Protein chains: 2
Amino acid sequence: MSGPDESFLTNCLFFTANRLSRTITKLAEDAFAPTGLTPMYGYLIRLVVGTPGISQKELAEKLAVTPSTLTRFVDKLELKKLVERKVQGKTVLVYPTAKGEGMVETIKAASRDLRNRYEEVLGKEFADEISRQLVFSSGQLEKQ
Amino acid sequence: MSGPDESFLTNCLFFTANRLSRTITKLAEDAFAPTGLTPMYGYLIRLVVGTPGISQKELAEKLAVTPSTLTRFVDKLELKKLVERKVQGKTVLVYPTAKGEGMVETIKAASRDLRNRYEEVLGKEFADEISRQLVFSSGQLEKQ
DNA sequence: AGATAATCATTGTATGTACAAACAAAATAT
DNA sequence: ATATTTTGTTTGTACATACAATGATTATCT
């Protein structure tokens, strides 16, 4: 009657976190489609517009990606003329272009849309709660 | 004094889920290093050993990846002689090899090691709780 | 039975992301 | 002042994963 035990999947934080990551990424890409960007690029632009001249190092930290990944993100946004680099010694400062600034409202609208979509399914309380717990968990696990 | 508002990151389930996914994936790959496999491949083998002759379709569902991804996973494990395919009409059944069966204990040990690592940081209760919530969330979000 | 639709798997291609190595600039030590 | 170390960035390469298109088999309808 009862098949083999497969609880090792749903009990494993690696598996469950990655599963949710794939699911919500699809939802997020959908919500961000009107911007012509994927969500991470949208958030990068928001950071740059919020702090013009922010360094790549800071951007990588805030977005929790490696410096090499961040280099590639900025490459792409520079190609699209949404941000500009200014080399300052060994660091690179990133500024928004006018075009980039002009996108911020569209990006914010997509963020709201995304949030509405998942809050509708999960409930606002629960969605907030789980986000907080995810932040806490990665924070704890990242300290070595 | 207080810089620009960046709460849009920590409040966004897309961002927080992906951040945890990256963090725990690194931990998991580390714990699985002794197996010579990444965790997803390890779990695939456990499923195949638990249900010899399971179809690729079922494997994709249980692992929550697309069929094309699963094809690539099985390709790799077949190359390593850990599983075998048997074509059965339009479906493909997957069987463990002796070598694959022989790995299962090593894989289980790596799973335990992974769990110990994150439970040590997060606490057993909390880790269980958040896994359950992640399963619930992706389940809800996947129903369209 | 033959035509059409549905299902399962595969392949081509693309993207996000990481690691390790290389490079360039700055800081520190001698 | 030069040599060494540290820090920030970039590049080459690799992998997990997805989507869209294609192929192959089975099921359904007439």
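Keep in mind the model is a prediction, meaning the values are calculated, not measured. Side chains are part of it too, since the values below use all heavy atoms of this structure and drop only hydrogens, waters and symmetry mates. Quick note on labels: first sequence line is chain A, next is B, and so on, each numbered from 1.
- Residue B:K90 has no polar side-chain atom (N or O) positioned under 4.0 Å from OP1 or OP2 of D:dA27.
- When distances are taken from the side chain of B:M40 to each of C:dG16, D:dT17, D:dC15, the shortest belongs to D:dT17.
- Taking the six-membered ring wherever Trp is involved, the centroid distance between the rings of A:F32 and B:F14 does not fall below 6.0 Å.
- Using a 4.0 Å heavy-atom cutoff across all strands shown, B:T38 reaches sugar-phosphate atoms only and no base atom.
- Contact between the side-chain N/O atoms of A:K76 and the OP1/OP2 oxygens of C:dG16 is found at a separation under 4.0 Å.
- With values rounded to the nearest 0.5 angstrom, B:R117 atom CZ is found 10.5 Å from B:I24 atom CD1.
- Taking atom CZ of A:F15 as the reference point, atom P of D:dA16 lies 16 Å away to the nearest angstrom.
- If you look at A:F136 and B:F126, their ring centroids are closer than 6.0 Å.
- Regarding contacts with the backbone of D:dC15, every side-chain N or O of B:R22 stays at 4.0 angstrom or more from both OP1 and OP2.
- Looking at residues 57-72 of chain A, you'll see A:V65, A:T66, A:S68, A:T69, A:R72 sit with a heavy atom under 4.0 Å from some atom of DNA chain C.
- Not one side-chain nitrogen or oxygen of B:R19 sits closer than 4.0 Å to the OP1 or OP2 atom of C:dT17.
- Taking atom CG of B:L27 as the reference point, atom C1' of C:dA18 lies 16 Å away to the nearest angstrom.
- In this structure, the CG atom of A:L44 is 13 Å from the C1' atom of C:dG16, given to the nearest Å.
- Atom C1' of nucleotide D:dA16 and atom CZ of B:F73 are separated by 6 Å, given to the nearest angstrom.
- The separation between B:I54 atom CD1 and C:dC8 atom P is 14 Å, rounded to whole Å.
- The minimum heavy-atom distance between A:N18 and B:S21, with the atom names listed, is OD1-OG, 2.9 Å.
- Taking the ring centre of A:Y95 as origin, the terminal cationic atom of A:K86 falls inside the region bounded by 6.0 Å and 45° from the ring axis.
- For the pair A:Q56 and A:L70, the tightest heavy-atom approach, listed with the atom from each and the gap, is O-CD2, 3.3 Å.
- Considering only side-chain N and O atoms, B:Q56 lies under 4.0 angstrom from the phosphate OP1 or OP2 of C:dT10.
- Look at CZ on B:F32: it is 13 Å from P on D:dA16, rounded to the nearest Å.
- Here D:dC15 presents its C1' atom at 14 Å from CG of B:D75, a figure rounded to the nearest Å.
- Between A:Y41 and C:dG16 there is a side-chain N or O to OP1 or OP2 distance below 4.0 Å.
- In terms of hydrophobic clustering, with Ile, Leu, Val, Met, Phe, Trp and Tyr side chains grouped at heavy-atom distances under 4.5 Å, A:F73 and A:L93 are assigned to different clusters.
- As rounded to whole Å, 12 Å separates atom C1' of C:dC8 from atom CG of B:L93.
- Heavy-atom distances to DNA chain D give each of A:V92 and A:N18 a nearest nucleotide, and the one nearer the 5′ end belongs to A:V92.
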